[in-house]
Protein chains: 2
Amino acid sequence: MGLKIGELAKATGTKVETVRYYERIGLLPQAERTSGNYRSYTPAHLDHLNFIRHARRLGFDIADIRSLLDLADQPERDCADADRIASGHLRAVEDKIARLVLLREELNRMIGQCRGGSVGNCRIIETLADHSLCRSDHAGG
Amino acid sequence: MGLKIGELAKATGTKVETVRYYERIGLLPQAERTSGNYRSYTPAHLDHLNFIRHARRLGFDIADIRSLLDLADQPERDCADADRIASGHLRAVEDKIARLVLLREELNRMIGQCRGGSVGNCRIIETLADHSLCRSDHAGG
DNA sequence: ATGCACCCTGTAGCTGCTACAGGGTCAAGA
DNA sequence: TCTTGACCCTGTAGCAGCTACAGGGTGCAT
């Protein structure tokens, strides 16, 4: 009657192993078993897993998803908790972007200085080997 | 005479365990040992580790750093190899930024729709639970 | 009876470290 | 000489979030 794990996986764009993993870590509730010991999933499981997958695609980590699922189960609770989790994640994403943008600039600078030729006078290798750059984070602050 | 591991670590802003890890995976050449079985590092090790740390700070992975170190050891080789590695990494960084920017927008939209109140009508939770969004990547492409 | 697609459990691997446990070494001080 | 304490050693397990086996069982069709 219920969905088999492969069907659930296909319906949500998840790998079978990942579904089992979510169950093992307690993110997805245990499924009933058939007489042959196959997992048998309900539409509620489908919703649950869709929620998880969507949150994962948005970059939420497992701990956050646990909290969000908890909240989703208690409709009377204050939305502020969900807001806090999402905003915290947004800030983390913004931080990551900022760090990557700096990185991109530094890489661009490095690559832009490479005028071809042999490794012996390659600016890329030189930059990486440069002593004065090696601990700029420590020297600077 | 040479540097002890703690001294090398301090001089490069690395943890002692990390230095041992780099040696174990063959990224940093083995050090001589003292009579008491302590590792004894040379200035060449210091240069080598500084190179590694700088490349790591720029986000290069271990495999790339291995290649870059290889290149740095062969000054007669064509710089294009170094350029290829660096440019490939740059592209990966740009990809990551692009994906995170999309993520940021989606998170912003989601959070912006939250008008407070109870979880029961929280747009954040609703968005995550929304079926139509759950496999948009499949549906759309 | 046989083949095949699917399911099961358990465990190891991925990246780049980090953090122990349980010991040994070495220089300084009492 | 003994002891303290900072350092060093090896080996192994843990983090996140899966992924990929090995080695077996189930269920349906032929």
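By convention in this document, chain letters (A, B, ...) are assigned in the order of the sequence lines, proteins followed by strands, and residues within each chain are numbered from 1. Note that these values count all heavy atoms, side chains included, but never hydrogens, waters or copies made by symmetry.
Between the C1' atom of C:dG16 and the CG atom of B:Leu49 lies a distance of 14 Å, rounded to the nearest Å. As rounded to whole Å, 17 Å separates atom P of C:dG23 from atom CG of B:Asn37. Between B:Ile25 atom CD1 and C:dC17 atom P the separation is 8 Å, expressed in whole Å. Rounded to whole angstrom, the span from the CG atom of A:Leu28 across to the P atom of D:dC18 amounts to 12 Å. Nucleotide C:dA5 holds its P atom 16 Å from the CD atom of A:Glu7, rounded to whole Å. Per the geometry, NZ belonging to B:Lys10 stands 12 Å off C1' belonging to D:dC7, to the nearest Å. Computed from coordinates, the B:His89 NE2 to C:dT15 P distance equals 16 Å when rounded to whole Å.
Between A:Arg56 atom CZ and A:Ile65 atom CD1 the span is 5.5 Å, to the nearest 0.5 Å. Taking CG from B:Leu69 and CD1 from B:Ile62, the interatomic distance works out to 10.0 Å, rounded to the nearest 0.5 Å. Distance CD1/B:Ile97 to CG/A:Leu103: 8.0 Å, rounded to 0.5 Å.
A side-chain donor-acceptor contact under 3.5 Å links B:Arg53 and B:Tyr22.
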Check against side chain to side chain contact (heavy atoms under 4.5 Å, CB included), A:Ile124 and A:Gln113: CA-CA 8 Å; A:Ile124 293 172; A:Gln113 286 177 338; over 6 Å; no
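Looking only at distances, a side-chain donor or acceptor of A:Thr12 sits under 3.5 Å from a matching main-chain atom of A:Leu8. The main-chain N or O of B:Asp130 is never found under 3.5 Å from a side-chain atom of A:His54 such that the two would form a donor-acceptor pair.
For the OP1/OP2 pair of C:dT11 and a distance below 4.0 Å, the side-chain nitrogens and oxygens of A:Arg20 include no atom meeting the criterion. Checking the phosphate oxygens (OP1, OP2) of D:dT10, no side-chain nitrogen or oxygen of B:Arg24 falls inside 4.0 Å. One finds a side-chain N or O of A:Arg33 lying less than 4.0 angstrom from the OP1 or OP2 phosphate oxygen of C:dT9. Taking 4.0 angstrom as the limit, A:Arg39 places a side-chain polar atom (N or O) nearer than this to OP1 or OP2 of C:dC8. In this structure, B:Lys15 reaches the C:dA19 phosphate: one of its side-chain N or O atoms is under 4.0 Å from OP1 or OP2. Residue B:Thr18 has no polar side-chain atom (N or O) positioned under 4.0 Å from OP1 or OP2 of C:dG16. For the pair B:Tyr22 and C:dG16, the criterion of a side-chain N or O lying under 4.0 Å from OP1 or OP2 is not met.
Across residues 62-72 of chain A, A:Ile62 each have a non-hydrogen atom less than 4.0 Å from an atom of DNA chain D (numbered order).
Of the two residues near DNA chain C, B:Glu17 and A:Lys4, the one whose nearest nucleotide lies more 5' is A:Lys4. In this structure, A:Tyr21 and A:Gly36 both approach DNA chain D, and ranking their closest nucleotides by distance from the 5' end singles out A:Tyr21.
Judged by atom type and distance alone, A:Tyr38 reaches the base of D:dG25 through a side-chain donor-acceptor pair under 3.5 Å.
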